[in-house]
*Asks:* 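A single structure is presented below for examination.
Note that the numbering runs from 1 along the sequence shown for the chain.
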Amino acid sequence: MANAIKQIELPDIPSAIALSGSQDANLKLLSQQTGASLVLRGKDLHISGTEKQIDLAYRLVRSLEELWSQGNNISSSDILTARQALDTNREHDLQQLQKDILAKTRRGEQVRAKTFRQRKYIEAMRKQDLTFCIGPAGTGKTFLAVVVAVQALLKNEFEKIILTRPAVEAGEKLGFLPGDLQEKINPYLRPLYDAINEFIGADKLPSLMERGVIEVAPLAYMRGRTLNNAFVIVDEAQNTSPSQIKMVLTRLGFGSRMVVTGDMTQTDLPMHQESGLMTAIRILKNVEGISFCEFSQKDVVRHPLVQRIVAAYERHEK
């Protein structure tokens, strides 16, 4: 029996570019997910295959309409999440996920949850005083925490943002790095600066740091302090010792909120040393008022190759 063909006429060229993706990457992934063939000719999308394949592809493309109709970039995560929503009858949840714009970067790009787990993580950070989030690289753990923190600061919900991480040497020695202590630890804090710069101009950041509105510091600087009226992000917490994580968790003061992130597959601690992050999760798992979020390779929102690399390592480690 000859294959059938169905056509979707897109509203304009920007929506066609958004749907197709770079070098038709999105069309290829849609084809992989449905078995149908998807070809874009100008503004017309041609879907061919069996009736079942065409129906699934049509529904999947329509489920992404909130994004491509506005010319917004569509990632592989968007497509995989949409497919998951269709399989589990969560189309309504998918629409809410796509409509909930968390923030806009200085370049005007929309920031939103790309997966259902990311949305749960955002909701936890907005509601709970303490949230733990573990998962592989590229799942948005730190970036989303910074976005939520900056938005809360702009709404005057907190007086300051404190971003901290342990300065554990990932195969390198601090002593060999040039400069004073601050210059030596800055490379460890670079990812936090990069995330902040997406929302606060590099020209404004020094002033905010001088006034203590934004503080980026190694974990050791937290000892002996009480962090009041602050949104605290503890990054790379898999590299803390049990005593370090206890120290920083007990710094939480009145009117403050804390998010602790880490990737247990990338610990830089000596082999004999237990990670403070896993110790804390085990000890605190039944404590009221704490949220625990866990991402997998399905939540990776970086280059599609990163997702495949993470998946390969997960298979190897099992």
Side-chain angles (χ1 to χ4, degrees), residues 3-122 138-140 143-144 147 151 198-199 298-308:
N3 280 4
I5 296 178
K6 194 164 190 171
Q7 183 174 311
I8 299 177
E9 186 177 350
L10 303 175
D12 48 38
I13 294 301
S15 61
I17 293 172
L19 178 60
S20 61
S22 175
Q23 298 181 322
D24 291 338
N26 291 341
L27 296 183
K28 292 172 185 174
L29 182 55
L30 286 164
S31 179
Q32 290 172 9
Q33 288 294 309
T34 62
S37 173
L38 291 90
V39 178
L40 196 58
R41 296 191 178 99
K43 296 188 296 180
D44 296 330
L45 178 67
H46 297 266
I47 307 172
S48 60
T50 66
E51 189 174 333
K52 187 176 181 180
Q53 290 169 339
I54 291 173
D55 178 64
L56 178 57
Y58 181 84
R59 289 171 59 217
L60 193 49
V61 170
R62 284 297 183 194
S63 73
L64 296 162
E65 188 168 357
E66 175 72 25
L67 304 178
W68 55 253
S69 65
Q70 299 178 47
N72 292 328
N73 290 333
I74 294 175
S75 67
S76 59
S77 295
D78 291 319
I79 295 171
L80 296 174
T81 300
R83 176 62 199 273
Q84 181 188 353
L86 292 181
D87 290 344
T88 55
N89 297 315
R90 298 182 68 184
E91 288 93 335
H92 177 71
D93 290 340
L94 180 66
Q95 290 175 2
Q96 295 302 117
L97 184 75
Q98 294 171 348
K99 289 177 180 177
D100 186 9
I101 307 302
L102 185 58
K104 285 190 177 182
T105 67
R106 291 186 295 113
R107 297 189 298 273
E109 296 173 350
Q110 292 182 348
V111 179
R112 55 186 172 76
K114 296 292 186 74
T115 69
F116 291 123
R117 285 197 189 101
Q118 283 193 347
R119 188 182 185 198
K120 181 182 177 184
Y121 176 43
I122 291 167
T139 49
F143 182 73
L144 289 175
V147 175
Q151 294 301 302
E198 288 287 339
F199 305 95
K298 292 180 181 178
D299 299 289
V300 172
V301 292
R302 289 185 186 168
H303 191 289
L305 184 57
V306 175
Q307 191 174 61
R308 296 198 291 274

*Asks:* Can you find a heavy atom in the side chain of His46 that is under 4.5 Å from one in the side chain of Arg41?
*Replies:*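 His46 vs Arg41: side chains touch.
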*Asks:* Check whether more than 12 heavy atoms from other residues, nucleotides or ligands sit under 6.0 Å from atom CG of Asn73, and answer yes or no.
*Replies:*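 Not buried by this count: 12 neighbours or fewer within 6.0 Å.
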*Asks:* Apply side-chain contact (heavy atoms from CB on, under 4.5 Å) to the pair Val61 and Trp68, showing each step before the final yes or no.
*Replies:* CA-CA 9 Å; Val61 170; Trp68 55 253; 3.8 Å; yes
*Asks:* Taking everything shown except Glu51 itself, do over 12 heavy atoms lie less than 6.0 Å from its CD?
*Replies:*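 It does not: Glu51 CD has 12 such atoms or fewer within range.
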*Asks:* Distance from Asp87 atom CG to Gln33 atom CD, nearest 0.5 Å?
*Replies:*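 Those atoms lie 8.5 Å apart.
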*Asks:* With sequence neighbours excluded, what pairs up with Phe116 under the ring pair (Phe, Tyr, Trp, His ring centres under 6.0 Å) test?
*Replies:*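 Residues passing ring pair (Phe, Tyr, Trp, His ring centres under 6.0 Å) with Phe116: none at all.
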*Asks:* Do Glu91 and Asp93 have side chains that get closer than 4.5 Å, going by heavy atoms?
*Replies:*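 Result no, sub-4.5 Å side-chain heavy-atom pair not found.
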*Asks:* What heavy-atom pair brings Val111 and Leu144 nearest, and what distance separates the two atoms?
*Replies:*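 Taking Val111 first and Leu144 second, the nearest heavy atoms are CG1-CD2, 4.5 Å.
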*Asks:* At what distance, to the nearest 0.5 angstrom, does CD of Glu9 lie from OG of Ser15?
*Replies:*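 Going from CD on Glu9 over to OG on Ser15, the span is 10.0 Å.
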*Asks:* Drop me the distance from Ile8's CD1 to Glu65's CD, to the nearest 0.5 angstrom.
*Replies:*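 Rounded to the nearest 0.5 Å, the CD1-CD separation comes to 8.0 Å.
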*Asks:* If only side-chain N and O atoms count, and only distance matters, is there a donor-acceptor pair under 3.5 Å linking Thr115 with Asp299?
*Replies:*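 Looking only at side-chain atoms, Thr115 and Asp299 do form a donor-acceptor pair, the distance falling under 3.5 Å.
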*Asks:* Do Ile5 and Ile47 pass the side-chain contact (heavy atoms from CB on, under 4.5 Å) test, and can you show the C-alpha distance, the side-chain angles, and the key distance before you say yes or no?
*Replies:* CA-CA 6 Å; Ile5 296 178; Ile47 307 172; over 6 Å; no
*Asks:* Give me the one residue out of Leu30, Asp24, Leu67, Leu38 that meets side-chain contact (heavy atoms from CB on, under 4.5 Å) with Leu19.
*Replies:*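 Among Leu30, Asp24, Leu67, Leu38, the one that satisfies the side-chain contact (heavy atoms from CB on, under 4.5 Å) with Leu19 is Leu30.
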*Asks:* Check whether the side chains of Ser75 and Asp78 place a donor and an acceptor atom closer than 3.5 Å, and report yes or no.
*Replies:*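 Ser75 vs Asp78: donor-acceptor pair found between side chains.
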*Asks:* Hey, what do you get for CD (Gln98) to NZ (Lys114), rounding to the nearest 0.5 Å?
*Replies:*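 Output value for this atom pair is 11.0 Å.
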*Asks:* Would you say the side chains of Glu66 and Gln70 form a donor-acceptor pair under 3.5 Å?
*Replies:*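 Side chains of Glu66 and Gln70: pair found under 3.5 Å.
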*Asks:* Check Ala16 against Leu10 and note the closest heavy-atom contact, atom names and distance.
*Replies:*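 Result for this residue pair: CA-CD1, 3.5 Å.
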*Asks:* List for me each residue that meets ring pair (Phe, Tyr, Trp, His ring centres under 6.0 Å) alongside Tyr58, sequence neighbours excluded, and say none if there are none.
*Replies:*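 Result, ring pair (Phe, Tyr, Trp, His ring centres under 6.0 Å) vs Tyr58: none returned.
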*Asks:* Show the nearest heavy-atom pair for residues Gln118 and Thr139, with the distance to one decimal.
*Replies:*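 Nearest pair, atom of Gln118 first, then Thr139: NE2-O, 2.8 Å.
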*Asks:* Taking the side chain as C-beta and beyond, is there a heavy-atom pair between Gln53 and Asp55 under 4.5 Å?
*Replies:*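 Side-chain contact under 4.5 Å: no.
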*Asks:* Rounded to the nearest 0.5 Å, what's the gap from NZ on Lys28 to OG on Ser20? Could you check?
*Replies:*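 So the NZ of Lys28 and the OG of Ser20 are separated by 10.5 Å.
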*Asks:* Which heavy atom of Asp12 sits nearest a heavy atom of Lys43, and at what distance?
*Replies:*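 Answer, listing the atom of Asp12 first, then Lys43: CA-CD, 3.5 Å.
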*Asks:* Between Arg112 and Ile101, is there a side-chain heavy-atom distance shorter than 4.5 Å?
*Replies:*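 Yes; the side chains approach each other to less than 4.5 Å.
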*Asks:* Check Ser31 against Ser37 and note the closest heavy-atom contact, atom names and distance.
*Replies:*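 Looking at all heavy atoms of both residues, the shortest contact is OG-CA, 4.3 Å.
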*Asks:* Run the side-chain contact (heavy atoms from CB on, under 4.5 Å) check on Gln32 and Leu29 step by step: do they pass?
*Replies:* CA-CA 5 Å; Gln32 290 172 9; Leu29 182 55; 3.7 Å; yes
*Asks:* Flag the pair Gln7 / Leu45 as yes when at least one side-chain heavy-atom distance between them is below 4.5 Å, and no otherwise.
*Replies:*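 Not touching, per the 4.5 Å side-chain cut-off.
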*Asks:* Which atom pair, heavy atoms only, marks the closest approach of Asn26 to Ile74?
*Replies:*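 Residues Asn26 and Ile74, closest heavy atoms: ND2-O, 3.2 Å.
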*Asks:* Does Ile122 form a side-chain contact (heavy atoms from CB on, under 4.5 Å) with Leu102? I'd like the steps, not just the answer.
*Replies:* CA-CA 9 Å; Ile122 291 167; Leu102 185 58; 3.8 Å; yes
*Asks:* Nearest 0.5 angstrom please: Leu94 CG to Lys99 NZ, how far?
*Replies:*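 Those atoms lie 10.5 Å apart.
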